[in-house]
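Below: the structure, in structure tokens.
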Amino acid sequence: SISDIEPVLLHTDVVPGNLILGEKGLRLIDWQCPAIGDPIVDIMMFLSPGMHEIYGPGKLSMKDHEAFLMSLTINNPKFIDLFAGCGGLSLGLEQAGFFPLFVNELNSDAMETYLKNRDAEFPHLRERFHANDIKTIVSEKNFFKRLFGDLSTQFGQQIKAGEVDLVTGGPPCQGFSGIGIRRSYSVDKNQLPSNHLFQDMAYFIHHVRPKVFLFENVEGLLRSRWTNEGTKGEAFKDVLNNFRSLEGYTVRYKLVRARDYAVPQNRPRVLLIGVRNDLLKSSMADDDAVLAGFLPAPIGMYPDLIDVL
């Protein structure tokens, strides 16, 4: 029935500008005018049942049409990815329905890979919402004011501190990894600049005030010491205290393994999650992010080798 129609965009040159409205959303039939050659669409549209937001009468240009489609997804949960690499974590979030607002990645090849894979769906990232060096971000006096102003202009709605759903980041971990510790054995970890990028991430979170933040790093961080004479685990203690010093957040952490979540690889990772207190209904005092309800419980179910041969 019409009420069961999901929001979906169809392309056809048969019926111009048809719109079917159902309880779950709209079904829009886009069309291309043979005389003009440019895709256009009837402007009377309902963004969602009950909103009655009408554009018209008239027609949308291709650029306006793309902006309209973008407006349908900008209302999804929004995230910012720091130290994003080529975009593996972002991809998972996007597949889960999150919308990327801004990305940071120092390596130019990794950044180009990230943007290239998102040019079609998220062109705003290449146009103006990416940055390479996080040090440039934190040192620019008016960066956050400009960022929120540009986002608000881009998407036609106010986006300000406190409205981003998630800030996530995995600062470079060479100094804490098993390989990294062998490569840098002659240098104390407190002398490696990349080992202190978690402080820049915390500074970013302080200004953006996301509802949730996620810090990800390698297992070795839990055991790492800043110097050869230091105490085992002192580096992680400093990282944890740094994020816990952010006012208004409750922070929990957990060492998780991909295999515990139906992924056929081990890949242990430390996940540190902060939830803004005004959104937190309740939480156990336990530091364990799973027991505190900050992460889902493991499900196992990873395939055995025999299952995939």
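When reading the values below, keep in mind they use all heavy atoms of this one structure, side chains included, and skip hydrogens, waters and symmetry mates. Computed from a prediction, not measured in an experiment: that's the story for all the values here.
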Please report the C-alpha distance between Phe294 and Asp288 in whole Å, then the side-chain angles of each, then the deciding distance to 0.1 Å, and finally whether the side-chain contact (heavy atoms from CB on, under 4.5 Å) criterion is met.
-> CA-CA 9 Å; Phe294 283 31; Asp288 189 305; over 6 Å; no
Begin with the C-alpha distance, continue with both residues' side-chain angles, and end with the deciding distance and a verdict on salt bridge (charged side-chain N to carboxylate O under 4.0 Å, His left out) for Arg223 and Glu219.
-> CA-CA 8 Å; Arg223 302 183 297 272; Glu219 179 183 15; 3.7 Å; yes
Kindly indicate, with the supporting measurements, whether the criterion side-chain contact (heavy atoms from CB on, under 4.5 Å) is fulfilled by Val270 and Leu222.
-> CA-CA 8 Å; Val270 178; Leu222 294 174; 3.6 Å; yes
Hey, mind stepping through Arg276 and Phe213 against side-chain contact (heavy atoms from CB on, under 4.5 Å) and telling me if it holds?
-> CA-CA 9 Å; Arg276 216 169 62 205; Phe213 67 81; over 6 Å; no
Carefully, step by step, assess Phe102 and Phe79 under the rule ring-ring contact (aromatic ring centres under 6.0 Å, His included).
-> CA-CA 8 Å; Phe102 180 86; Phe79 78 98; over 10 Å; no
Worked verdict on Glu163 versus Arg209 for salt bridge (charged side-chain N to carboxylate O under 4.0 Å, His left out) | CA-CA 8 Å; Glu163 294 185 352; Arg209 304 295 298 170; over 6 Å; no
Residue pair Asp133, Lys135: steps toward the salt bridge (charged side-chain N to carboxylate O under 4.0 Å, His left out) verdict | CA-CA 5 Å; Asp133 193 350; Lys135 295 294 185 183; over 6 Å; no
Check step by step if side-chain contact (heavy atoms from CB on, under 4.5 Å) holds for Trp226 and Asp238.
-> CA-CA 10 Å; Trp226 290 122; Asp238 286 349; 2.6 Å; yes
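Applying the 6.0 Å contact sphere to CZ of Arg267 captures no more than 12 heavy atoms from other residues, nucleotides or ligands. Heavy-atom neighbours of Gln265 CD from other residues, nucleotides or ligands within 6.0 Å: above the threshold of 12. Counting non-hydrogen atoms of other residues, nucleotides and ligands closer than 6.0 Å to CZ of Phe143 gives a total above 12.
Nearest heavy-atom pair across Ala84 and Val103 is CB-CG2, 3.5 Å. What you find for Ala202 and Asn242 is that their closest heavy atoms are CB-ND2, 3.1 Å. Minimum heavy-atom separation, Pro298 to Val290: CD-CG1, 4.3 Å. Minimum interatomic distance between Pro171 and Phe215 (heavy atoms only, all atoms of both residues): CD-CE1, 3.5 Å. His207 and Phe148 make their closest contact through O-CE1, 4.2 Å (heavy atoms, listed as atom of the first residue, atom of the second, distance). The two residues Pro210 and Ile205 come nearest to each other via the heavy atoms CD-O, 3.5 Å.
With values rounded to the nearest 0.5 angstrom, Phe98 atom CZ is found 6.0 Å from Leu93 atom CG. Taking CG of Asp287 as the reference point, atom CG of Leu240 lies at 6.5 Å (rounded to 0.5 Å). Note that CG of Leu106 and CG of Leu82 are 12.5 Å apart. Values are rounded to the nearest 0.5 Å. With rounding to the nearest 0.5 angstrom, the CZ atom of Phe243 is 9.5 Å from the CD atom of Gln199. Taken to the nearest 0.5 Å, the CD1 atom of Ile299 stands 8.5 Å off from the OH atom of Tyr261. To the nearest 0.5 Å, atoms OG (Ser152) and NZ (Lys160) are separated by 9.5 Å.
Distance alone, capped at 3.5 Å, is enough to place a donor-acceptor pair between the Asp165 side chain and the Lys78 backbone. In this structure, Arg244 contributes its side chain and Val251 its backbone to a donor-acceptor pair below 3.5 Å. No side-chain donor-acceptor contact under 3.5 Å links Arg269 to the backbone of Leu255. Judged purely by atom type and a 3.5 angstrom limit, Asn104 uses its side chain to pair as donor or acceptor with the backbone of Phe83. Although no hydrogens or angles enter the test, the distance criterion places no donor-acceptor pair under 3.5 Å between the side chain of Glu140 and the main chain of Asn142. Of the possible polar contacts, one joining the Asn132 side chain to the Glu105 backbone as a donor-acceptor pair under 3.5 Å is found.
Proximity of Tyr249 to Val275: side-chain heavy atoms (C-beta onward) are nowhere separated by under 4.5 Å. A heavy-atom distance below 4.5 Å is found between the side chains of Phe236 and Tyr253. Taking 4.5 Å as the limit, every side-chain heavy atom of Pro77 sits out of range of all side-chain heavy atoms of Phe99. Taking 4.5 Å as the limit, some side-chain heavy atom of Arg126 sits within range of a side-chain heavy atom of Lys116. Contact of the Arg118 side chain with the Leu91 side chain is registered, since non-hydrogen atoms from C-beta on lie closer than 4.5 Å. Using a 4.5 Å heavy-atom threshold, the side chains of Phe155 and Leu101 count as touching. The shortest side-chain heavy-atom distance between Lys211 and Leu166 does not fall under the 4.5 Å cut-off. Between Thr250 and Arg252 there is a side-chain heavy-atom pair separated by less than 4.5 Å.
One hydrophobic cluster, built from ILVMFWY side chains closer than 4.5 Å, holds both Val138 and Val167.
Contact check on Asp150 versus Arg128 returns a salt bridge, with a Lys/Arg side-chain nitrogen under 4.0 Å from an Asp/Glu carboxylate oxygen. Electrostatic pairing of Arg225 and Glu234 does not count as a salt bridge here, judged by no charged N lying under 4.0 Å from a carboxylate O.
Between Phe122 and His124, the ring planes are perpendicular. Angles over 60° get that label, and only those under 30° would be called parallel.
In summary, the side chains of Thr168 and Asp81 do not present any donor paired with an acceptor at a separation below 3.5 Å, with no hydrogens or angles considered.
Remark: Arg146 is not positioned above the aromatic ring of Phe144, lacking an NZ or CZ atom under 6.0 angstrom from the ring centre and at most 45 degrees off the axis.
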